[in-house]
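Notes to accompany the following structure.
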Number of protein chains: 2
Amino acid sequence: MLLANADIDNSQALTERQQAVLDAALRLLVEEGDNLTMTAVARRASCSKETLYKWFGDRDGLLTATVQWQASKVRVASVDGKGLDLASLTASLERFASDWLSVISSDTSIALNRVAVGHAGSGKDDLGAVVLENGRFALARRLKPVLEAGRQAGLLEFTDAETAFRTFFGLVGRDVQIRLLLGDRLELTEAAIGGDAARATQQFLALFGAKAGPQGL
Amino acid sequence: MLLANADIDNSQALTERQQAVLDAALRLLVEEGDNLTMTAVARRASCSKETLYKWFGDRDGLLTATVQWQASKVRVASVDGKGLDLASLTASLERFASDWLSVISSDTSIALNRVAVGHAGSGKDDLGAVVLENGRFALARRLKPVLEAGRQAGLLEFTDAETAFRTFFGLVGRDVQIRLLLGDRLELTEAAIGGDAARATQQFLALFGAKAGPQGL
DNA sequence: GGTTATCCGTACCGTACGTTACGGTTCGGC
DNA sequence: GCCGAACCGTAACGTACGGTACGGATAACC
């Protein structure tokens, strides 16, 4: 689910072997966090450090390549907004919500966000921007057309799609991501995710659904 | 505002000088992120490295002491729930919301959360737990009585205070914290914070206010 | 079969930084 | 005035790790 890098792959000239190396680096990143060593990556990937440096320049290059490689793999599924009624809109929103919760609670996402947050402090590279672009902003790009379609169909009422999206984002994510990033155990079962997605969707519809007045500016 | 460590200070036997050292470390942490060196701290605090090690054990000890020191300073103001009507409840909620937004958008909070997130990966210390305990969970402890009072006064309707709190948390924070942690520029002016706090409060009241039916489980 | 390119494995170098050790100074107690 | 404790400044040590160099193996190509 929610993986679909089939069509246009932005893997800029990555050979099979290089992808395997990046996968190894990614696995190591999940296990070790940001304190993975080049030696460890080389050993895990069964390649030489010299090759790593030839291919990726330096440690930061390897890290960004790894993050981009993973980012190119995780894609929230898109939704077509034709024949929209309340049921299908609700289903779409719930789908987005549960997909998003699945992503942010996955080990790889947590690890990637951790290293990106860490690097955002001493801004050598733009890992934070990459993660943000392929995470929160990609989600917005996918969801906003659905919201707009819902408004066109008379199902939703809002003035600014960005504001509506951010509210939905907040209702879905709540404190989950920061708690996970800070190391809080918080296992999200499939069922819990489904329940949260449904709840968030209902709350969003209560706030932005047509004929439900009280949503402010 | 929102600082009140007057009464019971949990500064466990920290001399004036030690607090000054921790303040210096904190300032350096904000500037340099997690890659601050013991030498830099010693120089900034005008103390010797030997003293640092005698007082705080090792680098991690210094870091946790710094985080706890800051945590003991930042306290969200508490609210008394007597004579509660809709206006005062709204005011309290807005106050909580804007205080919280001010905290999470402050430089020190961002820096502290960054290092805590980074350390949560390779779990040597419990910086994440400390931050979580003094951030998100402290907020919940302060806010829940207000919510309960609101329910007692017939102003709010909810079955689980935790769920209600988490919804409020999501409506207030939305994507702000993760974006800031990932390095997104996002200056929150006083006015913007006030507006967001009011919006979040209104949305929360729309969902959980009495005589507003549609809030699900 | 020879040549060349690619890459693995490993040894090596330089450096940054955590940690420790030590001499010099201040200061309170007697 | 002397002693010891606390502390500053700095030098020194050990190590981990990023980055580089080199020998040997494999394979493609002629």
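Naming convention: chains lettered A, B, ... in sequence-line order (proteins, then strands); numbering from 1 in each chain.
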In whole Å, I'd like the distance from the [atom1] atom of [X] to the [atom2] atom of [N].
X	N	atom1	atom2	value
B/M38	C/dA21	CE	P	15 Å
B/R43	D/dG9	CZ	P	11 Å
B/F56	C/dG18	CZ	P	15 Å
B/Y53	C/dC17	OH	P	12 Å
A/R44	C/dG9	CZ	C1'	18 Å
A/Q18	C/dC7	CD	C1'	12 Å

Exercise for review: Take B/C47 and A/L36, find for each the nucleotide of DNA chain D with the closest heavy atom, and name the residue whose nucleotide sits nearer the 5' end.
Suggested key: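 Mapping each residue to its closest nucleotide by heavy atoms, the 5'-most match is B/C47.
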In terms of side-chain heavy atoms of [X], which of [options] is nearest?
X	options	result
B/R59	C/dG18, D/dT20, D/dG9	C/dG18
B/S46	D/dG19, C/dG9, D/dG9	D/dG9
A/T51	D/dT20, C/dC7, D/dC8	C/dC7

Review point. Can a side chain N or O of B/R17 be found less than 4.0 Å away from OP1 or OP2 on D/dC8?
Key: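 Answer is yes, contact under 4.0 Å.
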Practice item. Tell me whether the OP1 or OP2 atom of D/dA6 has a side-chain N or O from B/W55 closer than 4.0 Å. Key: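 No, because none of the side-chain N or O atoms of B/W55 sits under 4.0 Å from OP1 or OP2 of D/dA6.
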At under 4.0 Å between heavy atoms, what does [X] touch on the DNA or RNA strands: base, sugar-phosphate, or nothing?
X	result
A/L52	nothing
A/L62	nothing
B/T39	nothing

Point to revise | Parallel, tilted or perpendicular: ring planes of A/F168 versus A/F204, cut at 30 and 60 degrees | key: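 Rings of A/F168 and A/F204: perpendicular, as their planes differ by over 60°.
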Practice item. Give me the ring orientation class for B/F158 and B/F208: parallel if the planes are under 30° apart, tilted from 30 to 60°, perpendicular past 60°. Key: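 The rings of B/F158 and B/F208 stand perpendicular, inter-plane angle above 60°.
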Exercise for review: Indicate, yes or no, whether a donor-acceptor pair under 3.5 Å links the base of C/dC22 to the side chain of B/E50.
Suggested key: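 Such a pair is found, so the answer is yes.
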Exercise for review: Assess whether one donor atom and one acceptor atom, taken from the side chain of A/K49 and the base of C/dG9, lie less than 3.5 Å apart.
Suggested key: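 Per atom types, no contact qualifies.
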Practice item. Give a yes or no on this: more than 12 heavy atoms of other residues, nucleotides or ligands lie within 6.0 Å of atom CG of A/D107. Key: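 Count not over threshold, so no.
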Practice item. Determine, for A/D184 against B/R136, whether the closest basic-nitrogen to carboxylate-oxygen distance falls under 4.0 angstrom. Key: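 Looking at B/R136 together with A/D184, the answer is no, because their closest N to O distance does not fall below 4.0 Å.
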Review point. For B/I193, which of B/L188, B/D99, B/V172, B/V176 qualifies under side-chain contact (heavy atoms from CB on, under 4.5 Å)?
Key: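 The residue from B/L188, B/D99, B/V172, B/V176 that satisfies side-chain contact (heavy atoms from CB on, under 4.5 Å) with B/I193 turns out to be B/L188.
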